[in-house]
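Please read the structure below before turning to the comments.
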Amino acid sequence: MAMTIDPARGLLILKRMLGAAVVFLMPASMVDARPSGAAPNEVAGTWRMVSATVENGGEVTRPYGPDPAGMLVFTADMHFVEVLTDPDTPRFASDARGGGTDAENRRAMASSIGFFGTYSVDEQGRFAGNRVEGSTFPNWVGSVRTTRELTLTVESGRMHEVFTRPDGGVVRAEFVRLSSAAAATGRQDTMSRKER
């Protein structure tokens, strides 16, 4: 026995399915999870790291070298991903990610970090905290950071980060905002890497 569907009902079902498909396929960066009327999200966008230091016990070091390579992306749907590296970290002799020597692995771990999660902003659109969902340093997974441990201040296309680590060390980093065109080409919108 063949089932018949009323054409009007069939059209309604098709419209609902198409609507669900559009929402499902929509890039996450197009969905703003914040209430309408809220102040603009100051940190949303793509940022390139231009400097980073760690102060610990009176000593200042540059964990990602003098010319660090790093990106920090905050999406409009309140997710973030950050990858920071020292571009001068030597390549592994084995040319295999899992085949480094103890010294190679230690150097790579000490000169890079990658992590992702969710973040929040306050009523004024300023960074208010984050939660780490995954990290190349497993001890950070599940960490919740408030503005007591981590501050991000945006001024004229630059973002200044101050992060107080659990061991008391203080990380200071500076990022520049990339325009959409610069993010696509990998170039900074305000200056080249060599001009920093």
Side-chain angles (χ1 to χ4, degrees), residues 26-35 38-57 59-65 67-89 97-98 100 104-155 157-178 183 186 188:
M26 184 182 303
S29 61
M30 294 177 65
V31 179
D32 190 344
R34 300 179 59 232
N41 181 339
E42 289 184 352
V43 298
T46 303
W47 302 84
R48 182 175 303 282
M49 183 172 57
V50 295
S51 69
T53 61
V54 175
E55 300 169 30
N56 202 356
E59 182 183 352
V60 177
T61 60
R62 295 186 176 279
Y64 311 111
D67 193 25
M71 298 284 287
L72 174 54
V73 179
F74 290 102
T75 64
D77 69 340
M78 311 311 284
H79 288 85
F80 77 93
V81 62
E82 186 168 3
V83 178
L84 309 176
T85 66
D86 179 348
D88 295 325
T89 300
R97 184 174 177 273
E104 288 171 330
N105 286 322
R106 286 175 181 272
R107 167 71 184 193
M109 185 71 172
S111 62
S112 65
I113 186 76
F115 55 105
F116 63 91
T118 58
Y119 75 101
S120 61
V121 295
D122 64 17
E123 310 79 47
Q124 288 79 39
R126 295 181 300 233
F127 179 82
N130 69 15
R131 180 180 186 282
V132 177
E133 295 176 0
S135 176
T136 57
F137 181 54
N139 297 32
W140 282 7
V141 176
S143 296
V144 174
R145 297 174 180 142
T146 67
T147 53
R148 280 186 45 192
E149 302 89 14
L150 175 63
T151 60
L152 299 175
T153 307
V154 177
E155 298 173 21
R158 290 190 174 264
M159 181 167 53
H160 303 275
E161 173 184 329
V162 178
F163 171 51
T164 303
R165 300 185 318 194
D167 67 4
V170 178
V171 177
R172 296 182 191 282
E174 183 178 359
F175 297 83
V176 293
R177 185 187 300 272
L178 299 183
Q188 293 170 283

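Since this is a predicted model, take the numbers as computed values, not measurements.
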Inset, instruction - Without swapping roles, check the side chain of N130 against the backbone of T118 for a donor-acceptor pair under 3.5 Å. - result: no

Inset, instruction - Output the distance between atom CD (E42) and atom CZ (R126), rounded to the nearest 0.5 Å. - result: 7.0 Å

Legend entry - G45 versus R177, closest heavy-atom pair with distance: CA-NH1, 4.3 Å

Legend entry - Aromatic plane relationship, F74 with F80 - under 30° parallel, 30 to 60° tilted, over 60° perpendicular: tilted

Legend entry - Step-by-step side chain to side chain donor-acceptor pair (under 3.5 Å) determination, D88 to Y64: CA-CA 9 Å; D88 295 325; Y64 311 111; over 6 Å; no

Legend entry - Test item: T53 side-chain N/O and V60 main-chain N/O as donor-acceptor pair under 3.5 Å: no

Legend entry - Ion pair check, R107 and D86, cut-off under 4.0 Å: yes

Legend entry - Heavy-atom side-chain contact between V43 and V121 under 4.5 Å: yes

Inset, instruction - Measure the spacing between CG of N56 and CG of D167 and express it to the nearest 0.5 Å. - result: 5.0 Å

Listing, residues 148-155 side-chain donor-acceptor contacts under 3.5 Å, not counting sequence neighbours, or none:
residue : atom : partner : partner atom : Å
E149    : OE1  : T146    : N            : 2.7
E149    : OE1  : T146    : OG1          : 3.0

Inset, instruction - Return the minimal non-hydrogen interatomic distance between T61 and P63, and the atom names on each side. - result: O-CD, 3.4 Å

Legend entry - Minimum-distance pair of heavy atoms, taken over all atoms of L84 and E82: CD1-OE2, 3.4 Å

Inset, instruction - For a side chain to side chain contact (heavy atoms under 4.5 Å, CB included) with R145, tell me which candidate from W140, Y119, F127 qualifies. - result: W140

Legend entry - Contact summary for T164 and V170, nearest pair of heavy atoms: OG1-CG2, 4.2 Å

Legend entry - Heavy-atom donor-acceptor pair, T85 side chain to A69 backbone, under 3.5 Å: yes

Legend entry - Within 45° cone and under 6.0 Å: R158 NZ/CZ vs W47 ring: no

Legend entry - Interatomic distance, L72 atom CG to R48 atom CZ [nearest 0.5 angstrom]: 12.0 Å

Inset, instruction - Give a yes or no on whether R131 atom CZ has more than 12 heavy-atom contacts from other residues, nucleotides or ligands under 6.0 Å away. - result: yes

Inset, instruction - Would you name the heavy atoms of M78 and S120 that are closest together and state the gap between them? - result: CE-CA, 3.7 Å

Inset, instruction - Hey, could you give me the CD1/OG distance between I113 and S135, rounded to the nearest 0.5 Å? - result: 4.0 Å

Legend entry - Set of side-chain contact (heavy atoms from CB on, under 4.5 Å) partners for V81, sequence neighbours left out: V73, F116

Legend entry - Taking every non-hydrogen atom, the tightest pair across A39 and G125: CB-N, 4.0 Å

Legend entry - Sidechain N-carboxylate O distance under 4.0 Å for E161, R172: no

